[in-house]
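In the text below, chain A, chain B and the rest are named by the order of the sequence lines, each starting its count at 1. Since we're looking at a predicted model, the values are computed, not measured.
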Amino acid sequence: MNAFWKTMAATAVAASALMGATVAQAEGERYVLVSHAPDSDSWWNTIKNGLALAGEQMGVTVEYRNPPTGDLADMARIIEQAAASGPDGIITTLADPDVLSGPIRAAVDSGIDVIIINSGTPDQAREVGALMYVGQPEYDAGYAAGLRAAGDGVGSFLCVNHYISSPSSTERCQGFADGLGVDLGNQMIDSGQDPSEIQNRVMAYLNANPDTDAVLTLGPTSADPTILALEEMGLAGDIYFGTFDLGENIVQGIRDGVIQWGIDQQPYLQAYLPIIVMANYHRFGVLPGNNINSGPGFVTADGLEMVEQFAGEYR
Amino acid sequence: MSEAGQGAALAPAKDERVKEISGLRRALIRPELGAIVGTIAVFVFFIAFAADSGMFNAQGILNWSTVSAQFMIIAVGACMLMIAGEFDLSVGSMIGFAGMSIALISVTLQWPVWIAILLTFVLCVAVGALNGVIVVRTGLPSFIVTLAFLFILRGFTIFFPQLIERQTIIGGISDAAEGDWLAPVFGGKILGFVFDWLAEMEMIAVFERGTRAGEPIVDGIPMLIVWALALVAVAHVILTRTQFGNWVFAAGGDAQAARYVGVPVNRVKILMFMFTAFCACVFATCQVMEFGSAGADRGLLKEFEAIIAVVIGGALLTGGYGSVIGAALGALIFGVVQQGLFFAGVESSLFRVFLGVILLFAVILNTYIRRIITGER
Amino acid sequence: MSGFDHDPIVEMRGIEKHFGPVIALNGVSFDIRPGECHCLLGDNGAGKSTFIKTMSGVHKPTRGEILFEGRPMSFDSPRDAMEAGIATVYQDLAMIPLMSVTRNFWMGREPIRRVGPFKFMDFKTANAVTMEEMRKMGINLRSPDQAVGTLSGGERQTVAIARAVHFGAKVLILDEPTSALGVRQTANVLATIDKVRKTGIGIVFITHNVRHALAVGDRFTVLNRGRTLGTAQRGQITPEELQDLMAGGQEMVELEGSLGGTV
């Protein structure tokens with residue numbers, strides 16, 4: 001038993017030391033950003049970096065929270081908890097309004113300012129009483145991409161959906177299909193999150209449907225393995241390939257000509273701007289009069305330099 | 001075990017061959033020990049480091065209580081089943097499945113919500129029974145059988161809504177549940193008047209603006225918490241005070257020995273699988289009624305969280321030993337730590353580190369306690 | 001008290017048990033009367049286990065008949081045999097080490113106390129009876145909550161025997177109760193057997209230890225290669241003869257010296 005207590009005490013000491021290190025020392029306001037992304041989703045690094053940078057520049061304390069498995073019900077609890085801790089503002093995604101609007105509205109009503117980012121729509125943001133919406137309307141972005149692809153002569157496609165349980169992912173595929181003017185039907189696959197599984201499913205689909213014109217991926221999680229799949233099948237550069245969001249491999253793919261375009265919703269802005277906006281609002285009472293669309297922007301082989309330099313970090 | 005003390009009046013004559021064990025040491029030999037120590041340690045820790053962070057105001061308390069209550073509901077089922085010597089890895093998938101079943105029946109089919117809830121309970125308990133029957137009949141490890149159901153149920157949970165509604169989150173249950181008699185039993189709140197009064201006395205915070213301005217932020221105790229406490233109480237009494245409870249211990253302690261003396265081991269195990277499924281269904285129903293939507297990814301990894309809470313609570317993975325109260329405390333530790341680290345300003349990814357460490361301690365402590373009990377050296 | 005003035009409780013005549021081509025029992029006759037300790041001796045592989053399982057209802061005999069209190073009986077399950085009053089204490093005890101003595105004692109037959117519509121296990125009665133029954137067998141428990149795992153091997157045997165006796169066994173089959181025990185614990189178990197016999201219960205004591213058998217046995221039956229080689233009364237047979245019978249007639253010269261001073 002003695003050994004047990006000693007170790008217990010050691011753990012407590014270690015934990016308290018860690019806490020001292022992680023509580024930011026800034027004097028200013030405290031803002032919490034809650035995302036819906038599971039721990040494994042590396043795309044959110046850009047968000048974390050944008051958040052940290054804005055916090056540093058404005059001299060405010062910022063915290064990032066997410067449900068470890070991506071379970072939205074857990075996310076609702078996190079928002080409630082963030083509200084209970086009494087921050088000056090909460091920045092959150094609105095991945096499922098049914099689940100999240102209650103906790104968000106309660107936070108707003110208890111005097112905490114909220115900005116919706118990334119998922120959700122401007123309308124939904126207004127409904128829950130948020131100050132504004134910063135992000136990229138998913139269906140519209142998919143639709144714009146579909147129009148572009150249709151102009152390039154695409155008639156059929158494969159949508160690699162690695163986050164099938166999020167409605168916004170499906171909306172991207174649906175928007176793309178509508179932009180092309182075709183029925184989504186079975187052209188969307190549930191790829192899961194595991195890279196080798198994604199790669200194999202893409203290969204299986206393309207083998208079974210050799211007349212597929214284009215591939216659409218929804219982010220680095222599905223794009224990276226899809227690049228490998230296309231390379232292995234000898235289709236790289238041959239098949240029309242567009243993707244949402246950026247990452248190091250996607251940028252490389254665009255430069256190599258494997259990927260025609262990437263839709264950049266510029267997530268960095270989705271974390272950076274709300275902090276700037278809120279801090280200014282709380283200090284001077286100034287607030288932009290409208291929502292901010294952080295995307296879509298199409299990134300193609302032209303003008304990759306800046307993207308390349310900061311891919312995965314700020315882009 | 002927990003009937004300690006009842007035999008004291010008999011005061012048996014001393015046997016010179018029995019080494020006296022100190023009262024303190026004897027009091028320590030109980031499955032809940034680790035969980036009790038852990039609970040105290042956790043609260044001392046957070047009171048010391050997060051007392052003024054809002055963790056212990058009404059809203060904060062409600063937050064970690066709700067999360068703990070969620071864990072408790074599934075931990076009670078997992079605990080009884082583990083004592084009976086089996087595992088259920090399909091709990092998390094069952095939560096997603098049950099939620100989706102309620103959503104599809106009430107929103108897509110437009111049937112009354114109470115019918116949706118009752119049908120879903122029947123369905124879940126039937127799947128639990130199927131789990132149990134397969135385990136008992138084939139003699140396969142429950143680990144494998146329920147792992148299969150983890151995938152089967154999750155697959156259906158994604159497939160059906162996509163097939164029928166072309167999406168994986170189905171909302172609109174709140175509207176469907178409007179005026180339903182059964183829905184508030186899972187999604188409602190009780191004792192609202194107490195909180196109104198507390199708000200009037202200015203002892204808890206009220207909304208500052210919006211349509212609910214002036215109302216208390218915490219306006220009642222969610223039924224989720226009531227369900228958790230009721231399940232813990234009922235399961236504890238059944239386990240420690242009834243014949244059936246004795247059979248549960250016997251079935252997990254040594255199934256063959258229990259069969260020799262006529263304990264219906266198979267029936268006990270199947271019933272425990274059904275009870276675990278029932279608990280998962282309570283969890284899902286409360287969640288769906290509170291949030292008004294069902295998602296295909298609800299309940300992911302919850303089976304492990306339940307098992308971790310049970311193990312922290314002092315149950316042996318090998319079965320035959322454990323305590324519902326311990327499991328409930330394990331769930332409380334789990335919930336308080338998960339939510340509390342945030343209040344204390346600790347990087348949330350360290351939660352997993354903490355979880356691993358506390359799990360390891362719990363298992364080591366449990367092994368130590370078992371050695372004392374069985375006299376192994 | 002001697003059981004010879006009574007009719008046998010269980011009588012088995014010409015029992016044969018075949019498992020496919022294997023003949024495990026090939027003509028076993030055996031009977032047990034109230035208040036006697038009938039020892040069944042045999043070397044490993046002689047068919048003792050099969051015999052016990054046939055008597056306790058696990059196996060049905062291929063040929064032969066079993067009379068229970070004079071009437072032909074056919075047990076479908078161990079539960080049937082148990083209900084009729086044939087209790088078996090297996091070598092591995094059928095005790096659960098992590099559970100308390102009381103819980104083990106009452107396992108499967110828990111006393112019930114009703115409170116309104118609810119049925120609870122009556123721990124007050126259960127604990128009191130357990131303590132009392134154990135005291136009768138000469139064991140003072142520290143507490144009825146004590147886990148069986150903390151008891152010695154001999155004490156565990158005694159709990160199992162006390163349990164069978166309490167639940168009205170007429171015949172108690174003990175499967176090698178002394179095989180894993182030390183000298184002192186063996187003596188305690190043999191003393192327990194003696195106590196139980198005096199209450200009028202017939203005891204079938206299975207062992208391969210001649211000294212243990214002679215210490216408490218009233219009659220001795222030797223099993224060899226699936227057959228009974230005959231039954232002897234106490235005093236009609238010497239340890240040497242028993243030992244030889246068990247070994248199938250082989251000379252056991254080298255052991256005789258040590259058997260001379262049998263209890």
Contact class of [X] relative to chain B, heavy atoms under 4.5 angstrom:
X       : answer
A:Ile79 : neither
A:Pro68 : both
A:Gln81 : both
A:Val32 : side chain

**Item:** Heavy-atom pair count under 4.5 Å with chain A, highest-scoring of B:Glu290, B:Gln338, B:Met55
**Value:** B:Glu290
**Message:** Only pairs of heavy atoms separated by less than 4.5 Å count here; which of B:Ala58, B:Gly299, B:Pro161, B:Ser293 has the most with chain A?
**Reply:** B:Ser293
**Prompt:** Among B:Thr285, B:Ile73, B:Val282, which one satisfies side-chain contact (heavy atoms from CB on, under 4.5 Å) with B:Leu224?
**Reply:** B:Ile73
**Prompt:** Relative to chain B, which of A:Ala84, A:Ser101, A:Gly86, A:Gly102 shows the most heavy atom pairs under 4.5 Å?
**Reply:** A:Ala84
**Request:** Determine the option with the most heavy-atom pairs under 4.5 angstrom with chain B, choosing from A:Asp74, A:Val99, A:Thr170.
**Result:** A:Val99
**Asked** Going by heavy atoms in the side chains, are A:Ser35 and A:Asn118 under 4.5 Å from each other?
**Response** no
**Item:** Aromatic centroids of B:Phe43 and B:Trp64 separated by under 6.0 Å
**Value:** yes
**Minimum heavy-atom distance between A:Ser169 and A:Leu218, given as atom pair plus value** = O-CD1, 3.6 Å
**Prompt:** chain A heavy atoms under 4.5 Å from B:Gln339: which part of the residue, side chain, backbone, both or neither?
**Reply:** both
